[in-house]
Amino acid sequence: MAQATLDFSIEPHSNLVADDVRASLLADPGFGRVFTDHMVTIRHSIDKGWHDAKVTARAPIPMDPAASVLHYAQEIFEGMKAYRLADGSTALFRPEENARRFRESAVRMAMPELPEDLFLKSVRRIVEIDRDWIPASEGGALYLRPFMFASEVFLGVRPAHEYLYVVIASSVGAYFKGGAKAISIWVSQDYSRAAPGGTGAAKCGGNYAASLVAQAQATEKGCDQVAFLDAAERRWVEELGGMNLFFVFEDGTIVTPPLTGTILPGITRDSILTLARDQGLDVREEPYSFEDWRADAESGRLLETFACGTAAVVTPVGTVRFAGGEFEIGSGQAGQLTERMRQALTSIQRGVAPDPYSWVKRLS
Ligand SMILES: *Cc1c(COP(=O)(O)O)cnc(C)c1O
């Protein structure tokens with residue numbers, strides 16, 4: 001396919017951020033507020049298909065007020081990290097999975113599918129040119145944000161005819177301040193994130209927009225994150241606003257909710273399933289009710305709960321709060337298996353443990 005071999009024109013920034021300024025930004029980058037010098041853009045139109053692939057200085061995107069995305073929210077994104085390995089080289093973690101998921105999100109949102117090798121090329125290009133932005137600190141990485149939106153100037157309601165694909169990169173430290181400290185969760189019993197037949201399995205901005213009022217409520221209740229229940233019965237625990245959930249039981253069983261279309265198929269989730277199965281653990285993808293979560297935590301049958309995703313990797317859940325009260329998970333601190341999974345995964349990602357699945361893709 002001609003499009004898949006599209007070449008990128010490279011127009012480097014003429015005024016790079018100075019080394020000392022960058023060093024001070026990287027000392028404590030936080031999450032999502034320090035950006036690199038460059039971006040990648042690729043356009044799509046019905047007539048030309050994918051075209052005009054570029055690496056340029058990061059800059060504002062001129063937009064017409066009638067650009068379709070501003071009205072009907074045809075937008076999808078990905079989130080992935082480039083790491084510095086122990087030997088100084090840079091690497092991506094399972095980037096083909098992000099490429100595939102981006103294509104699947106596009107299909108759900110009636111958007112054109114970016115060929116997977118073009119997606120992979122685009123993320124490699126930005127890491128190559130902005131690799132000096134990877135923080136040296138523990139937990140530091142270059143967070144890559146590929147996204148695509150309807151750029152056509154048209155108010156009619158139909159899939160747009162023009163799209164802009166962009167990759168930006170942000171230097172990040174550990175996602176939750178204080179590393180793997182246990183977080184508190186607010187269980188939303190009146191807002192839903194995703195419904196059967198909806199867009200819950202697509203990584204689209206709209207899902208996040210719909211989750212924000214519940215997240216704000218969680219914050220108001222003194223919690224770090226919100227957990228959503230299924231929309232149909234308000235009974236089954238699904239996931240957080242941007243992370244999947246795992247439950248660890250006394251008998252050694254591990255449970256995570258199944259991918260039925262309302263849950264985002266996390267790559268971290270899949271990696272943990274693989275690691276846990278290969279460690280001989282009894283892993284089940286099956287529904288788990290809020291009622292059981294509470295009862296099992298109180299009886300001690302449930303030992304641990306953790307959340308996982310690219311941004312925070314693996315994060316223990318310590319306290320669960322809801323309209324009728326609250327309960328603690330285990331001791332309220334990070335549990336043993338949570339810690340073991342976090343170690344196992346981050347060690348592979350950082351190139352300090354063997355990588356039997358070839359998950360780590362070195363760039364240079
Ligand atoms: C991105 C995301 C996740 C985590 O996916 P990873 O591939 O592990 O980063 C989980 N839930 C939602 C809603 C997400 O958007």
Side-chain angles (χ1 to χ4, degrees), residues 31-32 73 75-83 92-106 108-109 116 119-120 123 139 141-148 170 172 174-176 183 185 188 191-195 198-215 218 224-231 236-247 256-276 285 305-315 317 338 341-342 344-346 348-349 357 359-361:
F31 185 86
E75 189 268 356
I76 58 171
F77 66 94
E78 269 304 322
M80 55 206 292
K81 280 176 174 172
Y83 301 91
L92 296 163
F93 183 71
R94 306 186 72 184
E96 330 70 40
E97 295 299 316
N98 296 94
R100 186 163 58 88
R101 188 170 66 187
F102 194 69
R103 220 168 37 65
E104 287 166 359
S105 296
R108 177 61 184 86
M109 303 303 282
E116 292 178 24
F119 177 100
L120 292 170
V123 295
L142 196 59
Y143 181 81
L144 307 176
R145 172 52 63 85
F147 63 103
M148 169 165 63
S170 174
V172 299
Y175 188 75
F176 290 112
I183 58 166
I185 297 281
S188 182
Y191 293 111
S192 304
R193 190 192 83 93
T199 58
K203 214 165 171 71
C204 62
N207 289 340
Y208 279 73
S211 77
L212 295 179
V213 67
Q215 176 60 45
D224 298 303
Q225 294 279 318
V226 61
F228 290 98
L229 304 178
D230 78 292
W236 308 102
V237 185
E238 294 210 314
E239 63 170 320
L240 307 188
M243 278 181 281
N244 296 115
L245 281 172
F246 278 82
F247 306 93
T256 193
L259 302 177
T260 54
T262 55
I263 290 175
L264 200 288
I267 297 163
T268 318
R269 174 189 180 279
D270 184 75
S271 306
I272 286 168
L273 285 174
T274 303
L275 289 174
E285 293 177 75
T305 298
F306 64 86
C308 67
T310 295
V313 195
V314 170
T315 302
V317 174
T338 301
M341 282 298 156
R342 197 177 64 82
L345 191 54
T346 55
I348 295 175
Q349 288 171 335
Y357 320 100
W359 282 341
V360 174
K361 297 290 143 70

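The structure displayed is predicted, hence computed values, not measured ones. Just so you know, ligand 1 is whichever comes first in the structure, and atom 1 is the first atom listed for that ligand. Excluded from the calculations below are hydrogen atoms, water molecules and symmetry mates; all remaining heavy atoms, backbone and side chain alike, are included.
- Rounded to the nearest 0.5 Å, atoms CG (Leu264) and CD (Glu239) are 5.5 Å apart.
- The proximity of Ile267 to ligand 1, defined as any non-hydrogen pair under 4.0 Å, involves the side chain as well as the backbone.
- Formation of a donor-acceptor pair under 3.5 Å by the Thr256 side chain with backbone atoms of Glu285 is not found in this model.
- Protein heavy atom in closest approach to atom 1 (C) of ligand 1: Lys203 NZ, 1.4 Å.
- Applying the 4.0 Å criterion to heavy atoms of Gly266 picks out, from ligand 1, the atoms 5 (O), 6 (P), 7 (O), 8 (O).
- Between Tyr143 and Phe31, the ring center distance clears the sub-6.0 Å criterion.
- Of all atoms in ligand 1, numbered sequentially from 1 with element shown, those under 4.0 Å from a heavy atom of Arg101 are 5 (O), 6 (P), 7 (O).
- Compare Cys308, Gly309, Gly200, Gly242 by their heavy atoms: the one nearest to atom 3 (C) of ligand 1 is in Gly242.
- Of the possible donor and acceptor atoms, one in the side chain of Arg145 sits under 3.5 Å from a partner among the backbone N and O of Glu78.
- Ranking protein heavy atoms by distance to atom 9 (O) of ligand 1, first place goes to Thr310 OG1, 2.6 Å.
- In this structure, Trp359 and Phe93 have perpendicular ring planes: the angle between them is above 60°, well past the 30° mark.
- Under a 4.0 angstrom heavy-atom cut-off, Gly241 registers as being in contact with ligand 1.
- Among Tyr208, Phe93, Phe77, the residue whose heavy atom lies closest to atom 15 (O) of ligand 1 is Tyr208.
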Residue pair Leu275, Tyr357: steps toward the side chain to side chain contact (heavy atoms under 4.5 Å, CB included) verdict: CA-CA 10 Å; Leu275 289 174; Tyr357 320 100; 3.7 Å; yes
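- Glu75 places a side-chain N or O within 3.5 Å of a backbone atom of Gly205 that can act as its donor or acceptor partner.
- Using a distance-only test at 3.5 Å, with no hydrogens or angles considered, no donor-acceptor pair links the side chain of Asn207 to the main chain of Arg193.
- Atoms of ligand 1 found under 4.0 Å from any heavy atom of Arg193, numbered from 1 in the order shown, are 13 (C).
- Only side-chain heavy atoms of Glu239 come within less than 4.0 Å of ligand 1; its backbone N, CA, C and O stay farther off.
- Nearest protein heavy-atom neighbour of atom 8 (O) of ligand 1: Thr268 OG1, 2.6 Å.
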